[in-house]
Amino acid sequence: MWCGSLAIVLLLLGISQARKGLGPGDQDWGYVDVREGAHMFYWLYYTTANVSSYTERPLVLWLQGGPGGSSSALGNFKELGPVDTNGEPREGNFVQHVNVLFIDNPVGAGYSYADNTSLIVKNNEELIDDLMSFMLHFYKLHKEFKSVPLHIFTESYGGKMGPALAIRLNEAMKAGDLAEPGVLKSVTMGNPWISTRHICREHSKYLFVNGLIDEDGVAEIDAQEERILSALKKHEFSNATDEYSQWFELMQRLTGGIYLYNTQTHVDPSEDRTYGYGDDLNRFMEQNVSEALHINGSVYASQVFDVLTILHGDRLISDINAIPRLLNETSVKVNIYSAQLDALVPTSATLALIKDWTWNNKSEYLQADRTAIVVDGKLQGYEKVGGNFGMYWINRSGHLAPSDNPTAMQYVLKSVTQYDDSESTDDSGLMQMINLLVQTDKQS
Ligand SMILES: *[C@@H]1O[C@H](CO)[C@@H](O)[C@H](O)[C@H]1NC(C)=O
Ligand SMILES: *[C@@H]1O[C@H](CO)[C@@H](O)[C@H](O)[C@H]1NC(C)=O
Ligand SMILES: *[C@@H]1O[C@H](CO)[C@@H](O)[C@H](O)[C@H]1NC(C)=O
Ligand SMILES: *[C@@H]1O[C@H](CO)[C@@H](O)[C@H](O)[C@H]1NC(C)=O
Ligand SMILES: *[C@@H]1O[C@H](CO)[C@@H](O)[C@H](O)[C@H]1NC(C)=O
Ligand SMILES: *[C@@H]1O[C@H](CO)[C@@H](O)[C@H](O)[C@H]1NC(C)=O
Ligand SMILES: *[C@@H]1O[C@H](CO)[C@@H](O)[C@H](O)[C@H]1NC(C)=O
Ligand SMILES: *[C@@H]1O[C@H](CO)[C@@H](O)[C@H](O)[C@H]1NC(C)=O
């Protein structure tokens, strides 16, 4: 039991519950029952920035792609969390600047699980319902964040989840159901799989100009992508995903097994080419993480293939209107970042989609200058931000941009969240006092 004085100090800091998990700083984690028998896992890292209260910094919600990728594993330990799987501090981690909330979503991904696989979501609407249910509980558990700016960051398949979630969250906040109205500030999508149609039209071009296939390969890939699009047109959604799997195999065969997520890395075929489903990360999550967090390690990723199977038919269905709707109907800002070495979602596909969108005040975006992002004298990418929309090009990066180019991604984080690092206060005295109290508590 924590003693009263510690509780008061924590209250002053704006923390309702804070624990030591794995890595530096205060954390909280656990399960929220989003439906009966459906348990969603989250891991919250309070910022390690030099602040007098955590609530001075925004809250970033990270949603992994997949579907079925684990935010608490891949996002946390391979991309933007405070430590890597060796327990070493990660340069350029997000937690040093902002509070980060990882959710294993949908139920069945990572440490989230269902009592019965029949409870795994079958489409994006059900998935968003669960996330809404989670957020409702989260703001009850962590009231300190009710008025803290919230920014959603997603990767890959998150391009389908992020905007849909933002629309629902913004509505609920307006009604005062969750947090204060207007707390949701932005949704930012990395290498987002938003429109299958746009993406399938760019793969062959990308591979061709990068010297990975020749004209014959272009013809073969285009023919295969046509099968995906034709299945989608006929609403044969499961068949579309089957054809997509064949596209994947064809692309691997034609390129000699290129690493799709970053064409310039993983030249050794024995390297882990999965989206975080590899044995090493699994072992680390099942053993080290479960031990540190006192949770059941056998649960980890035990249902991820059920998630992939059950969402098989929904996977390539696109809602390309969610983002223009968000821009038309809310003041939530929308940003996309795209990495130049990603062959899965080529930057040109994202640009083609932006070109096809119409939204109120798009002219503000169109008229904005596209400028170089230069950090410490080095070119890291480009940005074009106007009105409520921003596009970021990330240099020297693949699909997992925060891990490939942390310098550029810290720039994006700062630019998007506008966190204020100008008046940090010295909290070392206070931290010493808390550590002392925690020690005393453990002994008592
Ligand atoms: C994870 O656990 C294994 C087995 O106990 C241990 O050898 C390894 O050092 C641990 N890794 C970290 C980063 O703590
Ligand atoms: C799982 O749910 C289905 C559908 O509700 C039910 O038929 C089945 O008996 C359940 N299985 C278990 C092991 O509870
Ligand atoms: C998709 O459907 C078509 C037409 O029914 C069929 O010819 C094709 O084999 C199916 N694709 C796969 C990968 O099963
Ligand atoms: C841990 O999870 C596994 C897999 O879901 C389950 O079979 C086992 O009963 C759980 N153990 C405990 C102690 O809850
Ligand atoms: C569009 O711009 C006008 C003028 O700057 C502003 O009043 C309006 O709120 C903007 N609309 C949206 C949806 O951002
Ligand atoms: C957004 O507004 C524009 C007009 O400014 C309109 O053409 C477009 O259809 C709207 N899109 C959506 C999805 O509401
Ligand atoms: C990306 O960065 C590298 C290394 O700094 C640089 O050599 C290259 O020119 C950059 N490429 C682009 C397209 O900006
Ligand atoms: C924290 O910020 C205060 C005020 O800016 C500064 O005096 C102090 O040195 C900082 N502490 C650390 C550990 O950086």
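Both ligands and their constituent atoms are indexed starting at 1 by order of listing. This one's a predicted model, so the numbers in the text were calculated from it and none came from an experiment. The residues of the chain are indexed from 1 along the displayed sequence. Below, each value reflects all heavy atoms present in this structure, side chains not excepted, and no hydrogens, waters or symmetry copies.
For atom 5 (O) of ligand 6, the nearest non-hydrogen atom of the protein is N360 OD1, 2.5 Å. Nearest protein neighbour of atom 8 (C) of ligand 3, counting heavy atoms only, is E243 OE2, 3.6 Å.
Taking the six-membered ring where the residue is Trp, Y113 and H39 present tilted rings, their angle falling between 30° and 60°.
Ranked by closest heavy atom to atom 1 (C) of ligand 3, the top entry among T241, D242, N239 is N239. Closest heavy-atom approach to atom 9 (O) of ligand 6 within the set I323, T358, N361, N321: this belongs to T358.
Not a single donor-acceptor pair under 3.5 Å links the side chain of K160 to the backbone N or O of S156.
For atom 11 (N) of ligand 4, a protein non-hydrogen atom is found at a distance below 4.0 Å.
Taking distance alone, with nitrogen or oxygen atoms compared against 3.5 Å, Q246 stays at or beyond that limit from ligand 3. Geometrically, ligand 3 and E236 share no nitrogen or oxygen pair separated by less than 3.5 Å.
In summary, the atoms of ligand 4 found under 4.0 Å from a heavy atom of N296, numbered by their order in the structure, are 1 (C), 2 (O), 3 (C), 8 (C), 10 (C), 11 (N), 12 (C), 14 (O). Atoms of ligand 4 found under 4.0 Å from any heavy atom of V299, numbered from 1 in the order shown, are 2 (O). With ligand atoms numbered from 1 in the order given, ligand 6 contributes 1 (C), 2 (O), 3 (C), 8 (C), 10 (C), 11 (N), 12 (C), 14 (O) to contacts under 4.0 Å with heavy atoms of N328.
For Y392 and Y337, the ring centers are positioned 6.0 Å apart or more. When ring centroids are compared, Y261 and Y275 come within the 6.0 Å threshold.
No option in W62, Y31, F77 other than F77 meets the ring pair (Phe, Tyr, Trp, His ring centres under 6.0 Å) test with W43.
In the model, S397 has no side-chain atom that pairs as donor or acceptor with a side-chain atom of N405 under 3.5 Å.
Both tests hold for R19 against W29: distance to the six-membered ring centre under 6.0 Å, angle to the ring axis within 45°.
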